[in-house]
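Let me begin by presenting the structure, written as structure tokens, before commenting on it.
Remember, it's 1-based here, ligands and their atoms both numbered in the order they're listed. Reckoned from all heavy atoms, side chains included, excluding hydrogens, waters and symmetry mates.
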Amino acid sequence: MKKVAFYTLGCKLNFSETSTIGRQFEDKGYLKVDFQENPDIFIINTCSVTENADKKCKKIVREAKKISPDSYVAIIGCYAQLKPTEISEIEGVDAVLGAAEKFRLIELLDDFAKVQETKVLASEITEATTFNNAFSINDRTRTFLKVQDGCNYGCAFCTIPLARGKSRSNTIESVLASAREIAATNVKEIVLTGVNIGDFGIVEGKRNERFADLVYALDEVHGIDRFRISSIEPNLLTNEIIEFASQSKRFVPHFHIPLQSGSNTILRKMGRRYLRELYMDRVSKIKTLMPQACIGVDVIVGFPGETDELFLETYNFLNQLDISYLHVFTYSERANTRAVEMEGVVPMKKRNERSKMLRILSEKKRRKFYEENLGKTFTVLFEEDVEEGKIHGFTENYIRVAAKYDPMLVNELKLVTLDQINEAGNVEVREPEMVYEKH
Ligand code: SF4
């Protein structure tokens with residue numbers, strides 16, 4: 001029985017895809033093992049957004065070859081699609097597969113028999129037009145379910161459309177089938193994942209269905225207690241979806257909404273499809289209907305043309321906004337994007353300073369959000385995440401809580417009252433003894 005190991009860089013989408021490819025191997029009789037367990041085959045799923053993607057990829061290949069010198073190494077993922085030739089030149093790589101090929105790698109790589117030449121099977125990204133269903137089974141508690149892939153937006157800084165292709169989706173019927181399959185494994189929470197999930201509904205180039213209808217349909221699936229929308233563009237997060245989430249027992253009050261900049265000048269240069277006023281309106285709609293909702297924000301600092309004044313516009317905008325945390329990205333130049341041609345390059349030192357300022361702001365926001373919720377009762381899904389005698393989990397509104405470790409709590413939903421913030425920044429709860437009533 002051949003042994004195969006996987007390594008994943010990047011986002012939830014990559015994790016869901018690696019997990020699915022892993023199941024394909026198991027179905028064909030391969031044994032899935034850990035990276036250290038002398039595998040015969042290594043599959044490395046790469047990311048183009050990761051800083052120094054090339055160095056990371058080389059390092060992992062080197063480690064793989066140290067563990068199993070005669071192993072077969074295949075590279076897949078966004079970076080493989082963007083730079084197939086470059087990757088094929090890395091010592092020890094046997095095959096590179098692009099976005100249109102990665103789900104067929106077992107069939108394409110001929111029993112993983114080593115040949116002299118590195119195989120490069122990466123068609124043009126325009127060929128990646130079919131949707132491949134994927135979901136991760138990482139632990140017993142949460143699953144990332146891919147419902148959409150690719151993006152038609154073309155923001156000035158982004159390589160994702162070049163690496164993943166045009167927007168395309170699963171059908172509602174097929175997502176429901178996956179959700180039921182996941183429910184049968186006793187997973188309690190599904191995180192809906194995609195590149196631009198609000199754009200859900202395009203099949204073979206035609207818009208057939210809507211994201212809102214997917215949400216309505218999933219809400220009826222029995223056996224899954226929670227659905228989380230991983231990240232959604234502000235212009236696609238409609239009142240209809242927000243209003244529905246505010247009434248739903250299964251869709252949780254947690255929204256992650258990319259902002260990228262709080263300056264309209266920069267938003268226009270980035271080619272984003274909204275201005276800050278719309279963003280403000282989305283936040284206020286959510287908070288009016290769900291005052292306890294958690295709102296996470298993606299923001300990029302140091303985009304070309306971001307002067308000190310324009311950065312301050314972003315800082316002040318975020319400071320006054322009722323949000324819960326930030327994911328801060330320091331802008332870095334990416335080949336073949338419009339932004340690399342733009343004037344007004346921000347020196348790296350400044351980019352790092354701005355990033356630090358926003359990270360501090362994020363910590364303040366998170367703490368304030370946690371403090372506002374102390375004394376209130378929420379439902380926690382406890383995970384297999386144990387540190388120093390404490391078990392951890394997340395509330396529906398994404399507050400990370402800590403309770404005294406009890407193995408019986410793993411993968412259980414419990415009603416808890418938030419007590420106090422501990423030194424690690426998590427919220428301690430009173431005894432999680434109240435039973436959660438399943439819906
Ligand atoms: S919406 Fe913009 S940032 Fe997001 S994946 Fe599409 S092009 Fe990239």
Side-chain angles (χ1 to χ4, degrees), residues 9-17 45-51 53 77-82 98-99 125-126 128-129 131-132 134 144 146-170 191-202 205 207 210-211 229-238 241 255-276 278-279 282 295-306 314 326-342:
L9 290 162
C11 62
K12 296 180 178 105
L13 204 51
N14 267 10
F15 278 92
S16 70
E17 293 181 339
N45 195 356
T46 60
C47 166
S48 62
V49 178
T50 311
E51 271 310 313
C78 294
Y79 185 54
Q81 176 66 40
L82 290 182
I125 192 59
T126 44
T129 50
F131 179 85
N132 291 287
F144 300 130
K146 173 181 159 190
V147 299
Q148 184 273 344
D149 199 353
C151 183
N152 294 345
Y153 274 25
C155 300
F157 52 83
C158 185
T159 52
I160 293 174
L162 304 173
R164 284 193 167 267
K166 291 268 180 216
S167 181
R168 55 205 185 274
S169 306
N170 205 350
V191 183
L192 301 181
T193 310
V195 172
N196 187 349
I197 63 173
D199 195 39
F200 173 90
I202 300 177
R207 180 170 301 284
R210 298 184 318 143
F211 183 62
I229 299 171
S230 60
S231 173
I232 182 163
E233 290 290 302
N235 49 306
L236 297 174
L237 180 57
T238 57
I241 297 168
F255 299 89
H256 192 94
I257 321 169
L259 169 69
Q260 312 308 17
S261 173
S263 147
N264 282 344
T265 311
I266 298 293
L267 286 174
R268 286 193 184 100
K269 284 190 81 178
M270 287 176 163
R272 303 285 292 162
R273 300 196 178 191
Y274 55 87
L275 296 176
R276 61 192 232 148
L278 177 128
Y279 197 94
R282 301 296 75 204
I295 302 179
V297 183
D298 285 340
V299 57
I300 298 173
V301 292
F303 187 79
E306 188 188 63
T314 294
L326 307 171
H327 280 174
V328 184
F329 299 89
T330 305
Y331 171 74
S332 69
E333 284 74 7
R334 297 271 180 252
N336 302 319
T337 58
R338 280 180 289 123
V340 275
E341 312 286 332
M342 289 181 182

Identify, for atom 7 (S) of ligand 1, the protein heavy atom at the shortest distance, and state residue, atom and that distance.
-> Cys155 N, 3.3 Å

Which residue and non-hydrogen atom of the protein lie closest to atom 8 (Fe) of ligand 1, and at what distance in Å?
-> Cys158 SG, 2.3 Å

Looking only at protein heavy atoms, identify the closest one to atom 6 (Fe) of ligand 1 and say how far it is in Å.
-> Cys151 SG, 2.3 Å

Ligand-side contact atoms (ligand 1) for residue partner Phe157, heavy atom cut-off under 4.0 Å = 3 (S)

Do Glu306 and Ser263 have a side chain donor and acceptor closer than 3.5 Å?
-> no

Looking only at protein heavy atoms, which one is nearest to atom 4 (Fe) of ligand 1, and how far off is it?
-> Glu233 OE2, 4.1 Å

Which value, rounded to the nearest 0.5 Å, describes the distance between Leu259 atom CG and Leu326 atom CG?
-> 9.0 Å

Residue-ligand contact Arg272/ligand 1, heavy atom below 4.0 Å = yes

Which is it for Pro161 and ligand 1 at heavy atoms under 4.0 Å: side chain, backbone, both or neither?
-> side chain

Is any NZ, NE, NH1 or NH2 atom of the basic residue among Lys146 and Glu17 found under 4.0 Å from an Asp or Glu carboxylate oxygen of the other?
-> yes

Which residue owns the protein heavy atom closest to atom 5 (S) of ligand 1, what's the atom, and how far is it?
-> Val195 CG1, 3.5 Å

Determine, for Arg207 against Asp199, whether the closest basic-nitrogen to carboxylate-oxygen distance falls under 4.0 angstrom.
-> yes

How about Tyr153 and Arg273: do any of their side-chain heavy atoms sit closer than 4.5 Å?
-> yes

Below 4.5 Å, heavy atoms only, C-beta onward: do Pro258 and His327 meet side chain to side chain?
-> no

